[in-house]
> 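The structure follows.
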Amino acid sequence: MKFTIVFAGLLGVFLAPALADYNINVSDDNNSAGSGQQSVSVNNEHNVANIDNNNGWDSWNSMWDYESGFAATRLFHKKACIVHKMNKEVVPSIQSLDALVKEKKLQGKGPGGAPPKSLMYSINPDKVDDLRKLGKNIANMCRGIPTYMAEEMQGESLFFYSGKCFETNVLWIVNISFCGKTVEN
């Protein structure tokens with residue numbers, strides 16, 4: 001009986017960090033890259049990463065919902081929410097996100113490190129009519145504001161696009177550009 005209690009206690013000690021939430025904060029004190037302050041919160045229990053970028057008028061919030069496979073970015077100055085499928089080849093897994101961020105932060109690489117991977121999305125101008133199909137987390141984040149779907153642009157379409165894009169840089173790991181009429185106005 002004592003062995004079972006000790007084993008359960010030890011299991012709790014080792015398992016707790018794996019299930020815990022964690023936060024990572026990065027400040028751009030000089031604001032030279034225009035990124036302001038960015039923080040990442042990971043909730044392993046709900047399989048979600050939340051990225052907050054506080055930069056005055058250009059502030060945005062992004063949620064990567066690994067369970068549903070969707071990501072959403074709320075553009076505060078546009079009062080809009082943009083949802084897209086997560087590209088699992090570019091977006092780091094929830095398990096490796098912590099390691100990637102700590103590696104960049106601890107090595108002092110920041111914006112001077114290896115170039116981030118890039119994704120470009122074209123925003124569909126039609127509003128999403130049923131947020132529930134995007135998963136509970138995304139639906140809660142985008143509820144009450146106009147929400148649009150975006151499709152990843154690849155190949156030749158990247159070279160021929162001449163419109164305006166809104167860019168998000170997630171901790172020097174991934175650059176995501178959202179392009180279309182929704183961000184041009």
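What you see is a predicted model, and the numbers here were worked out from it, not measured in a lab.
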> State plainly whether one hydrophobic cluster holds both M86 and V48, where clusters connect Ile, Leu, Val, Met, Phe, Trp and Tyr through side-chain heavy atoms under 4.5 angstrom apart.
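No, because M86 and V48 fall into different hydrophobic clusters, even though each may have its own neighbours under 4.5 Å.
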> How long is the straight-line distance from CD1 of I176 back to OG1 of T73, given to the nearest 0.5 Å?
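It is 6.0 Å, given to the nearest 0.5 Å.
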> Looking only at heavy atoms, which two atoms of E89 and K117 are closest? And how far apart?
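Scanning both residues, the minimum pair turns out to be O-NZ, 3.8 Å.
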> Could you go through the side chain to side chain contact (heavy atoms under 4.5 Å, CB included) check for F70 and N137 one step at a time?
CA-CA 10 Å; F70 286 105; N137 294 316; over 6 Å; no
> Using the rule that Ile, Leu, Val, Met, Phe, Trp and Tyr join whenever any side-chain heavy atoms are under 4.5 Å apart, tell me whether M149 and I123 fall into a single cluster.
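Per the 4.5 Å side-chain linkage, M149 and I123 are not co-clustered.
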> What pair of heavy atoms forms the shortest contact from L131 to A139, and how long is it?
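What the structure gives for the nearest pair is O-CB, 3.6 Å.
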> May I ask whether I82 and L134 are part of the same hydrophobic cluster, defined by side-chain heavy atoms of I, L, V, M, F, W, Y residues being less than 4.5 angstrom apart, directly or through others?
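I82 does not cluster with L134.
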> With hydrophobic residues grouped by side-chain heavy-atom distances under 4.5 Å, do M63 and V40 end up in a single group?
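Looking at the clustering, V40 is in a separate group from M63.
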> Contact between V174 and P92 at the side-chain level, heavy atoms closer than 4.5 Å - yes or no?
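SC-SC contact between V174 and P92 confirmed.
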> Before you tell me yes or no, could you show the steps for C142 and V83 under side chain to side chain contact (heavy atoms under 4.5 Å, CB included), namely the whole-Å CA-CA distance, both residues' side-chain angles and the distance that decides it to 0.1 Å?
CA-CA 9 Å; C142 296; V83 180; 4.2 Å; yes
> Check W60 against L75 and note the closest heavy-atom contact, atom names and distance.
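That closest heavy-atom pairing would be CB-CD2, 4.2 Å.
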> Where is the tightest heavy-atom contact between D58 and F166, given as atom of each residue plus distance?
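Heavy atoms of D58 and F166 come nearest at O-CZ, 3.9 Å.
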> Working to the nearest 0.5 angstrom, can you tell me the gap between N61 CG and T168 OG1?
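Rounded to the nearest 0.5 Å, the CG-OG1 separation comes out at 11.0 Å.
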> Is there a side chain to side chain contact (heavy atoms under 4.5 Å, CB included) between Y66 and Q95? Walk through the geometry before answering.
CA-CA 11 Å; Y66 289 88; Q95 293 82 12; over 6 Å; no
> As an exercise, state the distance from OH of Y121 to CG of N87, rounded to the nearest 0.5 Å.
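These two atoms lie 5.5 Å from each other.
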> To the nearest 0.5 angstrom, please state how far the CD atom of E67 sits from the NZ atom of K136.
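It comes to 8.5 Å.
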> To the nearest 0.5 Å, how far apart are CZ in R74 and NZ in K79?
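Here the interatomic distance stands at 10.5 Å.
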> Hey, does I173 have a side-chain heavy atom less than 4.5 Å from the side chain of L97?
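Yes; the side chains approach each other to less than 4.5 Å.
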> Can you get from F178 to L119 by hopping between Ile, Leu, Val, Met, Phe, Trp and Tyr side chains that sit under 4.5 Å apart?
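Looking at the clustering, L119 is in the same group as F178.
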> Show the nearest heavy-atom pair for residues I145 and A80, with the distance to one decimal.
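Smallest heavy-atom distance, with atoms named: CD1-C, 3.9 Å.
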> Taking all atoms of both residues into account, what is the closest heavy-atom pair of D126 and Y148, and its distance?
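The answer is O-CD2, 3.7 Å.
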> Test side chain to side chain contact (heavy atoms under 4.5 Å, CB included) on E152 and K85 and set out the steps.
CA-CA 8 Å; E152 187 175 351; K85 283 290 234 180; over 6 Å; no
> To the nearest 0.5 Å, what is the distance between NE2 (H84) and CD1 (I138)?
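Going from NE2 on H84 over to CD1 on I138, the span is 8.5 Å.
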